[in-house]
Protein chains: 2
Amino acid sequence: MSQASFSTRERILGVAEALFARHGFAGASLRQVTAGAKVNLAAVNYHFGSKEGLIEEVFRRRLDELNRERLAALAALAARSDITLEAVLDAFIRPALQQSLQAHGGGAFVRVLARAYAEHDERLRRFLSENYGHVLREFAIVFLRLLPNLDKDELYWRLDIIAGAVTYAMADFGIIKRRSAISEDAHRRQAVTHLIAFAAAGLRA
Amino acid sequence: MSQASFSTRERILGVAEALFARHGFAGASLRQVTAGAKVNLAAVNYHFGSKEGLIEEVFRRRLDELNRERLAALAALAARSDITLEAVLDAFIRPALQQSLQAHGGGAFVRVLARAYAEHDERLRRFLSENYGHVLREFAIVFLRLLPNLDKDELYWRLDIIAGAVTYAMADFGIIKRRSAISEDAHRRQAVTHLIAFAAAGLRA
DNA sequence: CATGCTCTCAAACGATCGTTTGAATGGTAG
DNA sequence: CTACCATTCAAACGATCGTTTGAGAGCATG
């Protein structure tokens, strides 16, 4: 794979991610993507086979990294003996924050992820469930150890709510607009602090 | 407005709501909508002016009712002297549940609402903010009275998270699939119970 | 230089999109 | 009955969609 090819692939993925976040999968056209990436229209079908292939690659690129970081944070935690609920939640939420703060179009993918939750497409749902569901199960094991009085079904209910709330908050899709005085990054950092406290209280209830 | 016209309008709105929930606003075409409603293609532009006019009417029809019910439930609560946090949260969440349990395509609108959160379209966002934001402010007043130690900004953060969690949970967009043994209605009723307990704990933290 | 491979490009494909048009329909008021 | 108005209908509009094609550019290997 030549350097030029790599550059074309990456530019397409970056622009596609941003446009999917802004206009949705059906709402963003390949012509918008290729124009934004300054590549030929046919490049998408050449490199990704189809539009859906492009969509899946946008997810895979970020989710692989996100899942790896979350599991690594969880594994680092397991080595310690004094695990707290907040620490586990931090291991789950913080990687998403870190990723959203990345240099180029950081927050874009979190918004794409929020859209994916809203999509009902079976193929996309299955793809996400295989990745995200696995991480959630790993975390559930640790949560169950920390919360012995919580039965499994009840925990899954609450984790489900937390996952939705995290995605929602990270995507900054709230109704209450953030104060323009603080930056988007500071906004996200605050959100993580609040989410952890909120989720911990909810799990302990 | 004749009976036939009313019927046509309502059939279009019902089918559009279901298709928007399933395929998104850009993903559902007017030809799918009119075919499903068994009306002529031109009927949409005749009755609603444009596709966007149809989208707005889908929202207005349900949101007006939802907001009215939420504020009514809150007002009924204000008459009492022994207001609890759970009761206020119930006034906020239960109307959404009731609506989602309505006979014809009950859960559809909640999913449309979840999609709207993910949309970045400025016109749609403004429309939703005007309706939903107003209700949220009314509730915030009561919450602040019940939680005197919570400052306003912090409360808004948490309400934001709750609103997102409610929408996601109600829309049944969780990663963990509900057990097929229980019905969708029972699933939603459980969700409300859990959401209220979760949210109350989070607000009291 | 010749060969083979990866990648880019302009152009076009058929399909589908939202919208418009103008005629036909059917009930209602004068 | 006639005139009017709201509504429905088939048909077509231009625009845009995802995808395909075939030629050619660039570069490496023999």
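All of these numbers come straight from a predicted model, not from anything done at the bench. Chain letters run A, B, ... following the sequence lines, proteins first, then strands; residues in each count from 1.
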Residues at least two apart in sequence or cross-chain that pass salt bridge (charged side-chain N to carboxylate O under 4.0 Å, His left out) with B:Glu57, listed by chain then number, are B:Arg9, B:Arg60

Using side chain to side chain donor-acceptor pair (under 3.5 Å) as the criterion, list what pairs up with A:Arg61, not counting sequence neighbours. A:Glu10

To the nearest angstrom, the OH-P distance between A:Tyr46 and D:dG24 comes to 18 Å

Pairs satisfying salt bridge (charged side-chain N to carboxylate O under 4.0 Å, His left out), at least one member in residues 44-54 of chain B, at least two apart: B:Glu52-B:Arg123

What is the distance from CG of B:Asn40 to C1' of C:dT20, rounded to the nearest Å? 12 Å

Rounded to whole Å, please give me the gap between NZ in B:Lys38 and C1' in D:dT8. 16 Å

Smallest separation among heavy atoms of A:Leu63 and A:Phe109, with atom names: CG-CZ, 3.9 Å

Side-chain N or O of A:Thr8 less than 4.0 angstrom from OP1 or OP2 on C:dC7? no

How does protein contact run along nucleotides 14-19 of chain D, one letter per nucleotide 5' to 3', with B for base contact, S for sugar-phosphate only, - for none, heavy atoms under 4.0 Å? ---BBB

Would you say D:dA6 has OP1 or OP2 under 4.0 Å from some side-chain N or O of B:His47? no

Salt bridge (charged side-chain N to carboxylate O under 4.0 Å, His left out) filter on A:Glu154, not counting sequence neighbours, yields A:Arg158

Listed pairs under 3.5 Å, donor-acceptor, residues 85-97 of chain B side chains, sequence neighbours left out:
unit_1	atom_1	unit_2	atom_2	d
B:Glu86	OE1	B:Arg204	NH2	3.1
B:Glu86	OE2	B:Arg204	NH1	3.1
B:Asp90	OD1	B:Arg94	NE	3.0
B:Asp90	OD2	B:Arg94	NE	2.9
B:Asp90	OD2	B:Arg94	NH2	2.8

